[in-house]
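Inspection log for the structure reproduced underneath, given as structure tokens.
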Amino acid sequence: MDRAVVDLLACRAALVDLVWQHKQAAGLAQHDPAREAAIYADLLARAQASGLDRDRVRAVLGRIVGIDLIARTGDALSAEAEAKAPHRGC
């Protein structure tokens, strides 16, 4: 199971790279706060419907997105910023 999680993280990272490249080539903004918020809300609702704790899922997603953000910009989110806007790197 843990190996599958790592494989999914690698797949996500590759897809995020493609999205960022496309946005850059098309002259699009790297961040779309409204879309990111909608995606994040959907993920949290899905987690809750699956019986998972929203706060724990929010923390995990914040870390995953934070790692992507660091990889692309070199900017780390503070723990406080992650808690307030953990969807920022998508």
Side-chain angles (χ1 to χ4, degrees):
M1 180 64 68
D2 293 330
R3 288 181 180 174
V5 170
V6 171
D7 291 344
L8 288 171
L9 289 171
C11 182
R12 182 188 187 283
L15 290 172
V16 168
D17 283 341
L18 290 173
V19 169
W20 278 60
Q21 289 171 15
H22 169 75
K23 286 182 173 184
Q24 186 175 24
L28 301 172
Q30 294 296 332
H31 300 287
D32 181 344
R35 184 172 188 286
E36 293 166 8
I39 291 169
Y40 196 70
D42 178 64
L43 291 173
L44 291 178
R46 184 180 178 121
Q48 187 173 5
S50 298
L52 298 173
D53 182 271
R54 288 173 63 98
D55 290 335
R56 289 182 179 177
V57 171
R58 180 181 288 118
V60 170
L61 291 173
R63 290 293 178 194
I64 291 168
V65 171
I67 289 168
D68 283 339
L69 183 63
I70 292 168
R72 279 154 193 73
T73 66
D75 295 333
L77 292 178
S78 68
E80 181 179 336
E82 282 186 36
K84 289 181 180 174
H87 59 276
R88 183 176 161 201
C90 291

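It should be emphasised that the depicted structure is a prediction, and the values quoted were computed from it without experimental measurement. If you read the sequence from its start, that first residue is 1, and numbering goes on from there.
- Take Ala10 and apply the side chain to side chain contact (heavy atoms under 4.5 Å, CB included) test, not counting sequence neighbours, and it matches no residue.
- Both Leu44 and Leu52 are part of a single hydrophobic cluster, where members link through side-chain heavy atoms under 4.5 Å apart.
- Within the structure, the side-chain hydrogen bond (donor to acceptor under 3.5 Å, both in side chains) test picks out the following pairs touching residues 42-51 (sequence neighbours left out): Gln48-Arg54.
- For Gln24, the side chain to side chain contact (heavy atoms under 4.5 Å, CB included) partners are Gln30, not counting sequence neighbours.
- In this structure, the side chain to side chain contact (heavy atoms under 4.5 Å, CB included) partners of Leu43, at least two apart in sequence or on a different chain, are Ile39, Leu61.
- Scanning all heavy atoms of the two residues, the minimum distance from Asp53 to Arg56 falls at OD1-N, 2.9 Å.
- At least one side-chain heavy atom of Ile64 sits less than 4.5 Å from a side-chain heavy atom of Val60.
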Go through Leu9 and Val5 one step at a time and tell me if the side-chain contact (heavy atoms from CB on, under 4.5 Å) criterion holds.
CA-CA 6 Å; Leu9 289 171; Val5 170; 4.2 Å; yes
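- Remark: Asp7 engages no residue in a side chain to side chain contact (heavy atoms under 4.5 Å, CB included) (not counting sequence neighbours).
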